[in-house]
Amino acid sequence: MDFRWLTNEEIETLVNPKCVEQGWVELNINEVQPTCKVLGAFDEDALVGWVTFQLFPLLGPLWVEPGERNGVLSRELAERMHDFVREIGVRGVLTICESPASERLAERHGMTRLKDSVYVWLGGGGG
């Protein structure tokens, strides 16, 4: 088994089609400022596995002053952010809903609740 970092062309032709096949968001390939690295495992010339490190837009946190929590301001903030991500053409976004209000906003804007487990590593020693 050989392991090496994939080129952008390999990401586009070998990895992104598999992402689409799995129902995942395609990887963002950017020549100027790379936003992903893919480590591939090869058996002879065949790519048999890969793992990705990628930058992916994360929305949040969303916070509103307690006296303004009537839903109007949070909806307006969410709407303006939604307009922004559409305007810049992001390939997708992730948000972590830590309240029922955040969940309602995510659903209102057409986001899909993941069934997969989501884990976080906050860096630091030993991890």
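The first residue of the sequence shown is numbered 1, and numbering continues consecutively from there.
C97 contributes atom SG, which lies 8.0 Å from atom CD of E107 (distance to the nearest 0.5 angstrom). Separating the CG atom in L77 from the CH2 atom in W63 is a distance of 11.0 Å, to the nearest 0.5 Å. Going from atom CG of N16 over to atom CD of E10 covers 12.5 Å, rounded to the nearest 0.5 Å. Rounded to the nearest 0.5 angstrom, C19 SG and L27 CG are separated by 4.5 Å. Atoms CZ and CE, on F42 and M1 in that order, are 11.0 Å from each other to the nearest 0.5 Å.
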**Item:** Candidate pair M111 and V93, rule side-chain contact (heavy atoms from CB on, under 4.5 Å), full reasoning
**Value:** CA-CA 9 Å; M111 297 185 85; V93 295; 3.8 Å; yes
**Message:** Could you go through D2 and D43, starting from their C-alpha distance and side-chain angles, then the distance that decides it, and tell me whether this counts as side-chain contact (heavy atoms from CB on, under 4.5 Å)?
**Reply:** CA-CA 7 Å; D2 292 318; D43 184 4; over 6 Å; no
**Prompt:** What do the steps show when you test L39 against W50 for side-chain contact (heavy atoms from CB on, under 4.5 Å), and what is the final call?
**Reply:** CA-CA 5 Å; L39 180 61; W50 44 270; over 6 Å; no
**Test side-chain contact (heavy atoms from CB on, under 4.5 Å) applied to K37 and Q54, step by step** = CA-CA 6 Å; K37 292 280 286 182; Q54 65 176 311; over 6 Å; no
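The minimum heavy-atom distance linking T13 with P17 is given by the pair O-CG, 3.3 Å. Residues G92 and F56 share a closest heavy-atom pair of C-CZ, 3.7 Å.
Using a 4.5 Å heavy-atom threshold, the side chains of T95 and L105 count as separate. The shortest distance between side-chain heavy atoms of L62 and S74 falls below 4.5 Å. For the pair V15 and L6, the minimum side-chain heavy-atom distance is below 4.5 Å. Between L59 and M81, some side-chain heavy-atom pair lies under the 4.5 Å cut-off. No side-chain heavy atom of L55 sits under 4.5 Å from any side-chain heavy atom of C36.
The number of heavy-atom neighbours closer than 6.0 Å to CD of E98, taken from other residues, nucleotides and ligands shown, is 12 or below. No more than 12 heavy atoms of other residues, nucleotides or ligands shown are found within 6.0 angstrom of CD on E9. No more than 12 heavy atoms of other residues, nucleotides or ligands shown are found within 6.0 angstrom of CZ on R113.
For the pair T35 (side chain) and N28 (backbone), a donor-acceptor distance under 3.5 Å is present. Not one N or O on the side chain of R91 forms a donor-acceptor pair closer than 3.5 Å with the backbone of V25. Judged purely by atom type and a 3.5 angstrom limit, N30 uses its side chain to pair as donor or acceptor with the backbone of Q33. For R69 (side chain) and V64 (main-chain N/O), a donor-acceptor pair under 3.5 Å exists by modelled atom type.
Taking 4.0 Å as the cut-off between side-chain N and carboxylate O, R80 and D83 do not count as a salt-bridged pair. Taking 4.0 Å as the cut-off between side-chain N and carboxylate O, E103 and R108 do not count as a salt-bridged pair. Between K18 and E12 there is no salt bridge, since none of the side-chain N atoms of the basic residue sits less than 4.0 Å from a carboxylate O of the acidic one.
Residues W5 and V38 do not share a hydrophobic cluster, defined by chaining ILVMFWY side chains whose heavy atoms lie under 4.5 Å apart. Linking ILVMFWY side-chain heavy atoms closer than 4.5 Å, directly or via other members, places W24 and I29 in a single hydrophobic cluster.
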